[in-house]
Amino acid sequence: MVARIDSLQVAPERIDEMISRYRERDNLRHMHLQTQGLLHQYWLVDRHSGQIKIIGLWESQEDIDAAIPTLEPARGRLWSEFQEALQETPTLEVYEVADRF
């Protein structure tokens with residue numbers, strides 16, 4: 001299993017709008033629901049600071065690699081729509097899940 005983590009900082013008052021756009025815009029949430037190998041996705045938010053972590057749990061790195069041509073353009077469009085609200089450039093990290101319960 002692999003965890004892919006997006007980290008971004010936005011103006012706190014824009015968090016709900018960003019989540020709404022994710023659910024609506026280009027059906028990005030729908031795309032995630034249909035993506036082979038994506039097991040779960042979580043949006044973690046700190047409404048005070050505006051910090052957001054988006055954690056996707058994937059079956060394998062190969063599944064992530066296969067999804068990138070479809071998902072990355074949509075991800076980029078979402079971030080660009082909130083460019084003025086972003087307080088830092090979003091980062092993306094990928095980790096192997098070494099243990100779970």
Side-chain angles (χ1 to χ4, degrees):
M1 186 181 311
V2 178
R4 181 177 147 131
I5 304 168
D6 273 299
S7 298
L8 54 146
Q9 182 84 30
V10 300
E13 65 274 6
R14 302 291 301 272
I15 288 175
D16 287 328
E17 180 185 0
M18 182 173 275
I19 293 169
S20 290
R21 294 292 180 153
Y22 165 74
R23 291 177 177 156
E24 299 165 5
R25 181 83 176 163
D26 298 328
N27 294 316
L28 186 53
R29 185 173 193 263
H30 180 72
M31 291 168 71
H32 279 129
L33 289 170
Q34 306 269 328
T35 299
Q36 172 86 22
L38 180 57
L39 303 172
H40 302 282
Q41 181 151 305
Y42 303 95
W43 279 62
L44 310 177
V45 300
D46 179 332
R47 293 184 183 281
H48 178 72
S49 71
Q51 182 69 36
I52 299 174
K53 301 276 187 188
I54 305 167
I55 301 172
L57 297 176
W58 295 76
E59 288 183 14
S60 69
Q61 182 63 49
E62 292 78 19
D63 288 325
I64 293 172
D65 294 342
I68 284 176
T70 303
L71 297 179
E72 282 305 303
R75 177 181 173 266
R77 284 190 300 274
L78 181 63
W79 294 167
S80 68
E81 186 173 333
F82 288 89
Q83 189 65 41
E84 81 289 346
L86 293 173
Q87 297 175 353
E88 59 186 38
T89 302
T91 61
L92 180 61
E93 301 172 292
V94 179
Y95 296 93
E96 173 189 345
V97 176
D99 192 19
R100 68 182 184 145
F101 67 93

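The line from CD of Gln36 to CD1 of Ile64 is 13.0 Å long, rounded to the nearest 0.5 Å. The OG1 atom of Thr89 sits 10.5 Å away from the CG atom of Leu8 when rounded to the nearest 0.5 Å. Atom CZ of residue Arg4 and atom CG of residue Leu38 lie 9.5 Å apart, to the nearest 0.5 angstrom. Note that OG1 of Thr70 is 10.5 Å distant from NE2 of His32, once rounded to the nearest 0.5 Å. The CD atom of Gln61 sits 10.5 Å away from atom CD of Glu96, with the distance rounded to the nearest 0.5 Å.
The side chain to side chain donor-acceptor pair (under 3.5 Å) search around Gln41 returns Tyr22, not counting sequence neighbours. In this structure, the side chain to side chain donor-acceptor pair (under 3.5 Å) partners of Arg75, at least two apart in sequence or on a different chain, are Asp6, Glu72. Scanning for side chain to side chain donor-acceptor pair (under 3.5 Å) contacts around Glu62 gives Ser60, with sequence neighbours left out.
The closest side-chain heavy-atom distance from Val94 to Trp58 is not below 4.5 Å.
The main-chain N or O of Ser49 is found under 3.5 Å from a side-chain atom of Gln9 such that the two form a donor-acceptor pair.
Other members of the cluster containing Ile55 are Met1, Ile5, Leu39, Tyr42, Leu44, Leu57, Tyr95, Val97, with ILVMFWY side chains joined at under 4.5 Å, either directly or via other members. The hydrophobic cluster of Leu92 has no other members, since no ILVMFWY side-chain heavy atom comes under 4.5 Å of it.
Considering every non-hydrogen atom in both Gly37 and Asp63, the closest pair reads CA-OD2, 3.4 Å.
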Could you tabulate the donor-acceptor pairs under 3.5 Å formed by side-chain atoms of residues 10-19, not counting sequence neighbours?
{"from": "Arg14", "atom 1": "NE", "to": "Glu17", "atom 2": "OE1", "distance (Å)": "2.6"}
{"from": "Arg14", "atom 1": "NH1", "to": "Glu84", "atom 2": "OE2", "distance (Å)": "2.7"}
{"from": "Arg14", "atom 1": "NH2", "to": "Glu17", "atom 2": "OE1", "distance (Å)": "3.3"}
{"from": "Arg14", "atom 1": "NH2", "to": "Glu17", "atom 2": "OE2", "distance (Å)": "3.4"}
{"from": "Arg14", "atom 1": "NH2", "to": "Glu84", "atom 2": "OE2", "distance (Å)": "3.1"}
{"from": "Asp16", "atom 1": "OD1", "to": "Arg47", "atom 2": "NH1", "distance (Å)": "2.8"}
{"from": "Asp16", "atom 1": "OD1", "to": "Arg47", "atom 2": "NH2", "distance (Å)": "3.1"}
{"from": "Asp16", "atom 1": "OD2", "to": "Arg47", "atom 2": "NH1", "distance (Å)": "3.4"}

